[in-house]
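Working notes, structure below.
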Amino acid sequence: MNSDLFNKIYNELDLLWEKNSILSNFVELPQALNFNNIKSNYIKSAKKFYNWKIDTKKNSNIHNLIRELSPKINWKQNYSKKDVGKKFLENFCYFEFIGPEGIFISNEISVYFIFFDKNTFYTWHHHEAEEIYFVLSGKAKFESYGDKSEILGPNQARFHKSFQPHSLTTQEDKCLSIVVWRNKLDSEVSVVKI
């Protein structure tokens, strides 16, 4: 796999970090990263993302770069059907862009891109790592235990504390977000009852 293709995504990510204090205040984006040549895993839900074209000015460059590279990306799912249901798995996928097992290796932070199709409920869950969701395209309703729920669109963000239960719901819109973890990058994600 050619690292130049993924460097384009990194450069767009770097621009986002420069423009958005929410991201830069949460954690610095590591520089001079080593490329990890990971085999692609083009799953069914990633194909749904590939078919989602946007024409808005906000974040269209990074959205479309990821779209174009979708068949070359190692898309993942970290849940079983018994925990979240078949429908959810058909409408959800993510990949680790920067991190211990990412396209670019880092032990400082993890940066994921996560996609939800419309009419999808991401069940309540938590993890030890502190986290920010930063919406790139589309919108979703974010809920977290102890905080007011809100619908977020492009360039809006939501912080989750360590072990704070949270969920996400899309309705008529799809959602592509950057998810950034700091501290405890090896955290397990656990489904919780609220």
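Excluded from the calculations below are hydrogen atoms, water molecules and symmetry mates; all remaining heavy atoms, backbone and side chain alike, are included.
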### Message
Any donor-acceptor pair under 3.5 Å linking the side-chain atoms of Glu101 with those of Asn74?
### Response
no
## Note on the structure
Heavy-atom nearest pair, Glu90 first then Ser45, reads O-CB, 3.4 Å
### Task
Check whether any side-chain heavy atom of Trp181 sits under 4.5 Å from a side-chain heavy atom of Asp186, and report yes or no.
no
### Task
Grab the two heavy atoms, one from Ser106 and one from Leu33, that are nearest each other, plus how far apart they are.
CB-CD2, 4.0 Å
### Within-4.5 Å side-chain heavy-atom neighbours: Ile54 and Trp52
yes
### Message
Between Glu150 (side chain only) and Lys148 (backbone N and O only), is there a donor and an acceptor less than 3.5 Å apart?
### Response
no
### Message
Are more than 12 heavy atoms, taken from residues, nucleotides or ligands other than Phe121, located less than 6.0 Å from that residue's CZ atom?
### Response
yes
### Message
Whether the side chain of Thr120 engages the backbone of Lys118 through a donor-acceptor N/O pair (distance < 3.5 Å, no angle test) should be reported.
### Response
yes
### Task
Return yes when atom CD of Glu18 has more than 12 non-hydrogen atoms of other residues, nucleotides or ligands closer than 6.0 Å, and no otherwise.
yes
### Message
As a quick check of understanding, evaluate side-chain contact (heavy atoms from CB on, under 4.5 Å) for His63 and Leu176, giving each step before the final call.
### Response
CA-CA 8 Å; His63 177 103; Leu176 176 67; 3.7 Å; yes
### Query
What's the shortest heavy-atom distance between Ser110 and Pro100, and which atoms?
OG-CD, 3.5 Å
### Message
Atom CD of residue position Glu188 - does it have more than 12 heavy atoms of other residues, nucleotides or ligands inside 6.0 Å?
### Response
no
### Message
Is the ring pair Phe116/Tyr122 parallel, tilted or perpendicular, if the boundaries are 30 and 60 degrees?
### Response
tilted
### Query
What do the steps show when you test Val111 against Val179 for side-chain contact (heavy atoms from CB on, under 4.5 Å), and what is the final call?
CA-CA 6 Å; Val111 176; Val179 178; over 6 Å; no
#### Entry: Side-chain touch Phe88/Thr123, heavy atoms, less than 4.5 angstrom
no
### Cluster check Phe35, Ile66: I/L/V/M/F/W/Y, side chain < 4.5 angstrom
yes
### Query
Is there a donor-acceptor contact under 3.5 Å from the side chain of Ser162 to the main chain of Glu128?
yes
### Message
I'd like to know if Ile178 and Phe92 are part of one continuous hydrophobic network [Ile/Leu/Val/Met/Phe/Trp/Tyr, side-chain heavy atoms within less than 4.5 Å].
### Response
no
### Message
Atom OH of residue position Tyr79 - does it have more than 12 heavy atoms of other residues, nucleotides or ligands inside 6.0 Å?
### Response
yes
### Query
Taking a hydrophobic cluster as the set of Ile, Leu, Val, Met, Phe, Trp and Tyr residues connected by side-chain heavy atoms closer than 4.5 Å, whether directly or through intermediates, do Phe159 and Phe134 fall within one such cluster?
yes
### Query
Hey, any chance Phe113 and Leu16 share a hydrophobic cluster, counting ILVMFWY side chains that come within less than 4.5 Å of each other, even indirectly?
yes
#### Entry: Check: Tyr10 main-chain N/O paired with Asp14 side-chain donor or acceptor under 3.5 Å
no
### Task
Would you please say whether a donor-acceptor pair under 3.5 Å links the side chains of Tyr112 and Glu131?
no
## Note on the structure
Closest non-hydrogen contact found for Leu185 with Asn107 is CD1-O, 3.5 Å
### Task
Can you measure from OH (Tyr50) to OH (Tyr42) and round to the nearest 0.5 angstrom?
6.0 Å
### Query
What residue among Lys47, Lys174, Lys87, Lys44 forms salt bridge (charged side-chain N to carboxylate O under 4.0 Å, His left out) with Asp117?
Lys174
### Summary
One should read off an interatomic distance between Ile9 CD1 and Leu65 CG, to the nearest 0.5 angstrom, of 5.5 Å
### Task
For the residue pair Asn41 and Ile43, establish whether any side-chain heavy-atom pair is separated by less than 4.5 Å.
yes
### Query
Does Leu29 share a hydrophobic cluster with Ile22, counting links as ILVMFWY side-chain heavy atoms below 4.5 Å and allowing steps through other members?
yes
### Summary
Between the CZ atom in Phe6 and the CZ atom in Phe104, the distance rounded to the nearest 0.5 Å is 8.0 Å
### Query
Are Ser177 and Phe115 close enough, and set up right, to give a side-chain contact (heavy atoms from CB on, under 4.5 Å), and what steps lead you there?
CA-CA 7 Å; Ser177 293; Phe115 166 71; over 6 Å; no
### Message
Checking the side chain of Gln164 only, and the main-chain atoms of Lys161 only, is there a donor and an acceptor separated by less than 3.5 Å?
### Response
yes
### Query
With no hydrogens and no angle check, do the side chains of His126 and His166 hold a donor and an acceptor under 3.5 Å apart?
no
### Geometric cation-pi criterion, Arg158 with Tyr133: 6.0 Å, 45°
no
### Gap between atom OG of Ser60 and atom NZ of Lys58 - 0.5 Å precision
12.0 Å
### Task
Could you please spell out the steps behind the side-chain contact (heavy atoms from CB on, under 4.5 Å) verdict for Ser149 and Lys141?
CA-CA 7 Å; Ser149 66; Lys141 179 182 178 184; 3.8 Å; yes
### Query
Which distance, rounded to the nearest 0.5 Å, do you find between the CD1 of Ile151 and the SG of Cys175?
11.5 Å
### Query
Should Ile73 and Phe97 count as side-chain neighbours, where that means a heavy-atom distance under 4.5 Å?
no
### Task
To the nearest 0.5 Å, tell me how far Phe49 CZ sits from Asn91 CG.
14.5 Å
### Query
Under a 4.5 Å cut-off applied to non-hydrogen side-chain atoms, are Trp75 and Tyr94 in contact?
no
### Task
Quick one: closest heavy-atom pair of Ser24 and Trp17, and the distance?
CB-O, 3.5 Å
### Query
Is there a side-chain contact between Gln171 and Asp173 (heavy atoms, below 4.5 Å)?
no
### Task
Report yes if the side chains of Leu13 and Ile98 come closer than 4.5 Å at any heavy-atom pair, otherwise no.
yes
### Task
Indicate whether the side chain of Asn155 and that of Asn59 have a donor and an acceptor atom separated by less than 3.5 Å.
yes
#### Entry: Minimum heavy-atom distance Leu69-Leu5, with the two atoms named
CD1-O, 3.6 Å
